[in-house]
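Working notes, structure below.
Chain A is the first sequence line, chain B the second, and so forth, proteins listed ahead of strands; every chain is numbered from 1. Model, not experiment: these values are computed from the prediction.
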Protein chains: 2
Amino acid sequence: MGVTSEIVKDFKKFIKKKGLKYTSEREEILKEILKSKQHFDVDGLYMKLRKKGSKVSKASVYRTIPLLVEAGYIQEVYKQDSRSYYEVTLDKLPHIHFICIKCKGVDEIIDEYLVEHIQKKAKEKKYTPLTYHLEIFGICHKCKEEG
Amino acid sequence: MGVTSEIVKDFKKFIKKKGLKYTSEREEILKEILKSKQHFDVDGLYMKLRKKGSKVSKASVYRTIPLLVEAGYIQEVYKQDSRSYYEVTLDKLPHIHFICIKCKGVDEIIDEYLVEHIQKKAKEKKYTPLTYHLEIFGICHKCKEEG
DNA sequence: TTTTATCTTGAGAATAAGTTTCAAATTAAA
DNA sequence: TTTAATTTGAAACTTATTCTCAAGATAAAA
């Protein structure tokens, strides 16, 4: 059994546990998302589904995403121009985004130390963390050299 | 001369340098923002101005904020429900924001350990960090208990 | 299988933050 | 002043996301 079907099975269990109903639309959306290897937004995801003949509505995409976030399969990684971008949570490691204020370039690293640190801090505050962003705004090496 | 009038003077210089015109609206908005001791959003700031009799428009508030960000007096700290929140840039210490997705409450802590850690990571990437924010979206203790 | 209660769906309307438009007002240099 | 350029307020516009609701799907129970 592949990783995808494993996740699909778990998602079904998750949906049931919440007293919700497992639908083909929810499964379709999850499967399409699992194929994405990069950041995605609702519009792009919806387009991809439509192109392959899916009849799923944009409203359903919007409704399914919070479930997938809650289940831990995806997470919001950043917002840009009032649009949210998500990615598949392969591991639970948060990304650090280095955003250069000059060239607008985004560099991304994964930081294992941060995971534990955030879990610890959240515990101190009695928070249940679902997703988190760390953005560092600054100047990249290249722009620094160019003055 | 107080800190505020010092900043106002600098802002005027900044505006002039950009070839723009220094207006009473821009000064009014800056002064009101400098009074804020917490996060603020455009709507709240606009309300405060109106309550004290200001005739400034919301459009002008929206137009002035990017200038103040560029000048370095304020920074965006997080976005929630497609609304941006800002704060006065007093020090460069990063805050950790715990944002409850249910009650919308924001809890803030300052984490000195994180400062060093980020400096280290930035150095590895040859980045010159200017400011950074860590936002943790989740569910607070109170909302968790309430189900 | 049929019933029944509940949930979900699609389509489009509604919402709301932020942007844009434009004529009138303001700025500031000459 | 005069004049050219910028800014303003008000309202229209844009657009991501949410909401509404009737019709359809799900699943537990009969």
Residues that Arg50(B) engages under salt bridge (charged side-chain N to carboxylate O under 4.0 Å, His left out), provided they are two or more places apart = none
Given the options Lys13(A), Glu6(A), Lys12(A), Lys9(A) meets side-chain contact (heavy atoms from CB on, under 4.5 Å) only with Glu6(A)
Under a 4.0 Å heavy-atom cut-off, which of residues 39-57 of chain B touch DNA chain C?
-> none
Please tell me which of Gly19(A) and Ser84(B) maps to the more 5' nucleotide of DNA chain C, matching each residue to the nucleotide holding its nearest heavy atom.
-> Gly19(A)
Can you pull the contact range of chain B along DNA chain C, 5' to 3', using atoms under 4.0 angstrom from its heavy atoms?
-> dA17(C) to dA28(C)
For His117(B), all residues meeting side chain to side chain donor-acceptor pair (under 3.5 Å), sequence neighbours excluded = Asp111(A)
Considering just the side-chain nitrogens and oxygens of Ser82(A), establish if one lies under 4.0 Å of OP1 or OP2 belonging to dA16(D).
-> no
Taking Thr64(B) for the side chain and Ser60(B) for the main chain, is one N or O donor matched with an acceptor at less than 3.5 Å?
-> yes
Interatomic distance, Asp81(A) CG vs dT14(D) C1' [rounded to whole Å] | 13 Å
Could you label the plane-to-plane angle of the Tyr85(A) and Tyr78(A) rings as parallel, tilted or perpendicular, counting under 30° as parallel and over 60° as perpendicular?
-> parallel
More than 12 heavy atoms of other groups within 6.0 Å of Glu124(A) CD = yes
Atom CD1 of Ile15(B) and atom C1' of dT8(D) are separated, to the nearest Å, by 14 Å
Just do the side-chain hydrogen bond (donor to acceptor under 3.5 Å, both in side chains) check on His97(A) and Glu108(A) with the steps written out, would you?
-> CA-CA 5 Å; His97(A) 288 111; Glu108(A) 183 177 288; 3.0 Å; yes
List the atom pairs, with distances to 0.1 Å, where a side-chain N or O of residues 18-25 of chain B and a protein N or O form a donor-acceptor pair under 3.5 Å, not counting sequence neighbours.
residue: Lys18(B); atom: NZ; partner: Glu70(B); partner atom: OE1; Å: 3.2
residue: Lys18(B); atom: NZ; partner: Glu70(B); partner atom: OE2; Å: 3.0
residue: Tyr22(B); atom: OH; partner: Glu27(B); partner atom: OE1; Å: 2.9
residue: Thr23(B); atom: OG1; partner: Arg26(B); partner atom: N; Å: 3.2

Taking every non-hydrogen atom, the tightest pair across Leu134(A) and Leu114(A) | CD2-CD1, 3.5 Å
Determine yes or no for a side-chain-to-main-chain donor-acceptor pair under 3.5 angstrom, with Ser36(B) supplying the side chain and Ile33(B) the backbone.
-> yes
Nucleic acid footprint by protein, nucleotides 18-30 of chain D - heavy-atom cut-off 4.0 Å, B for base, S for sugar-phosphate alone = BBB-----BS---
